[in-house]
Amino acid sequence: LYSLTLMRQGVVFMQQGRYDEALKTFNEADKVAPGNATNANMIGLCYLRTGELDKAFAYFDTALRLVPLFTDARNNRGTTYLAMGQYHLAEVDFMAVLGDSTYPHAKQVHYNLGLTYLERGQLGAAEDSFRRSIILPNPVFDGYLKLATLAQRQGELERAIVLLEEAKLTFPEAIEVSFE
């Protein structure tokens, strides 16, 4: 029970952007109850958010060794691969995550997969993934921006404008759309 309390406290610290405190709390939870895949995933997230990619990767791998079908950890490892420029491995992890029909953040995974394809110069695949990321409900805001940028690069300004207008309607609080 104490380990769970520590983990909850670590999550609050993460939400506040207090990653050093979150890490201390998650490490304490690991001492109390070692071998918890969720805790390893959370430590990995702290390292990912602070840019310590090698450490993040190691903790996501640990979480996956403990629970091989841990979809969140696989998605986070894919995000780490993407940040490391290892696009093929990122794609493999993202595709595995999308194979889990119960995963609630599939649209964000489609967006990440779009970024992966974009980095590899696969514009058609990137566009398809970004389109999947903006399907209602709960579209990914940045998916609209990437699609509009792709349309603009292809000389399709009207399509870019339509996408940005749709983003503005869907996310009225997002001032970034006005700048685009």
Side-chain angles (χ1 to χ4, degrees), residues 7 10-27 29-30 36-100 103-135 138-150 152-153 167 171 174 176 179-180:
M7 286 174 56
V11 169
V12 170
F13 286 141
M14 280 185 64
Q15 291 169 339
Q16 296 171 344
R18 298 163 57 188
Y19 300 114
D20 289 339
E21 293 171 79
L23 273 171
K24 287 178 189 172
T25 307
F26 290 131
N27 283 323
D30 193 49
N36 183 310
T38 300
N39 196 53
N41 185 52
M42 298 310 292
I43 292 171
L45 273 175
C46 284
Y47 284 125
L48 179 61
R49 295 206 176 132
T50 60
E52 297 180 69
L53 301 180
D54 290 336
K55 289 180 181 179
F57 178 81
Y59 277 96
F60 297 138
D61 252 9
T62 297
L64 287 166
R65 270 196 305 279
L66 293 168
V67 179
L69 298 177
F70 191 174
T71 307
D72 260 344
R74 186 163 311 282
N75 181 53
N76 293 333
R77 188 176 72 178
T79 303
T80 305
Y81 278 136
L82 179 60
M84 296 169 97
Q86 297 182 18
Y87 306 121
H88 176 71
L89 295 172
E91 178 186 15
V92 169
D93 271 351
F94 294 143
M95 294 302 287
V97 171
L98 291 172
D100 178 355
Y103 191 61
H105 309 292
K107 291 188 180 136
Q108 185 63 48
V109 179
H110 281 294
Y111 175 78
N112 291 340
L113 190 57
L115 291 176
T116 303
Y117 291 138
L118 191 60
E119 288 294 330
R120 290 168 60 181
Q122 297 173 295
L123 300 183
E127 185 173 343
D128 182 56
S129 291
F130 291 138
R131 283 211 174 282
R132 291 172 189 247
S133 79
I134 65 168
I135 295 172
N138 305 317
V140 176
F141 172 73
D142 288 335
Y144 284 105
L145 298 182
K146 290 295 183 185
L147 281 169
T149 300
L150 284 173
Q152 185 178 1
R153 281 187 196 170
F171 297 94
E176 301 96 303
F179 295 118
E180 293 294 322

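FYI, the numbering just counts along the sequence from 1.
For the 3.5 Å distance criterion, the side chains of Tyr117 and Glu91 qualify, holding a donor opposite an acceptor. Between the side chains of Arg65 and Thr62, a donor-acceptor pair is found at a separation under 3.5 Å.
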CA sep, side-chain torsions, deciding dist, call: Phe70, Phe60, ring-ring contact (aromatic ring centres under 6.0 Å, His included): CA-CA 10 Å; Phe70 191 174; Phe60 297 138; 9.3 Å; no
Lys146 vs Leu115, side-chain contact (heavy atoms from CB on, under 4.5 Å): CA-CA, chis, key distance, verdict: CA-CA 9 Å; Lys146 290 295 183 185; Leu115 291 176; 3.6 Å; yes
Verdict with supporting geometry, Phe13 and Lys24, side-chain contact (heavy atoms from CB on, under 4.5 Å): CA-CA 10 Å; Phe13 286 141; Lys24 287 178 189 172; over 6 Å; no
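The closest side-chain heavy-atom distance from Ile134 to Tyr111 is not below 4.5 Å. Between Asp72 and Tyr103 the shortest side-chain heavy-atom distance falls below 4.5 Å. The shortest distance between side-chain heavy atoms of Leu45 and Met42 falls below 4.5 Å. For the pair Val92 and His88, the minimum side-chain heavy-atom distance is below 4.5 Å. Here the side chains of Val11 and Phe26 are in contact, with some heavy-atom distance below 4.5 Å. Side-chain contact check for Leu23 versus Tyr47: some heavy-atom pair is nearer than 4.5 Å.
Leu118 and Arg153 make their closest contact through CD1-NH1, 4.1 Å (heavy atoms, listed as atom of the first residue, atom of the second, distance). The two atoms that bring Thr116 and Ala90 nearest to each other are OG1-CB, 4.1 Å, heavy atoms only. Closest heavy-atom contact between Asp93 and Gly78: OD2-N, 3.5 Å. Considering all non-hydrogen atoms of both residues, Arg49 and Tyr19 come closest at CD-OH, 3.3 Å. Heavy atoms only, all atoms of each residue included: Gly114 and Ala126 are closest at O-CB, 3.5 Å. Nearest heavy-atom pair across Thr80 and Leu53 is CG2-O, 3.6 Å.
Atom OH of Tyr59 is separated from atom CG of Asp54 by 13.0 Å, given to the nearest 0.5 angstrom. The CG atom of Asp30 lies 12.5 Å from the OG1 atom of Thr25; values are rounded to the nearest 0.5 Å. Annotation: the span from Ser133 atom OG to Leu147 atom CG amounts to 6.5 Å, rounded to 0.5 Å. Note that SG of Cys46 and CD of Glu21 are 11.0 Å apart. Values are rounded to the nearest 0.5 Å. Note that NE2 of His105 and CG of Asn75 are 8.5 Å apart. Values are rounded to the nearest 0.5 Å. Distance check, rounded to the nearest 0.5 Å: CG of Leu64 to CG of Leu69 gives 9.0 Å.
A side chain to side chain donor-acceptor pair (under 3.5 Å) with Tyr87 is found for one member of Glu119, Gln122, Arg120 and no other, namely Glu119.
In summary, the aromatic rings of Tyr81 and Phe57 are positioned with their centroids under 6.0 Å apart.
Relative ring orientation between Phe171 and Tyr144 is described as perpendicular, the plane-to-plane angle rising above 60° on a 0-90° scale split at 30° and 60°.
With a 6.0 Å radius and a threshold of 12 heavy atoms from other residues, nucleotides or ligands, Gln152 has its CD atom at or below the threshold. The number of heavy atoms from other shown groups lying within 6.0 Å of CE (Met84) is above 12.
Although no hydrogens or angles enter the test, the distance criterion places a donor-acceptor pair under 3.5 Å between the side chain of Arg74 and the main chain of Pro68.
Taking a cutoff of 4.0 Å between a charged side-chain nitrogen and a carboxylate oxygen, Arg132 and Asp128 qualify as a salt bridge.
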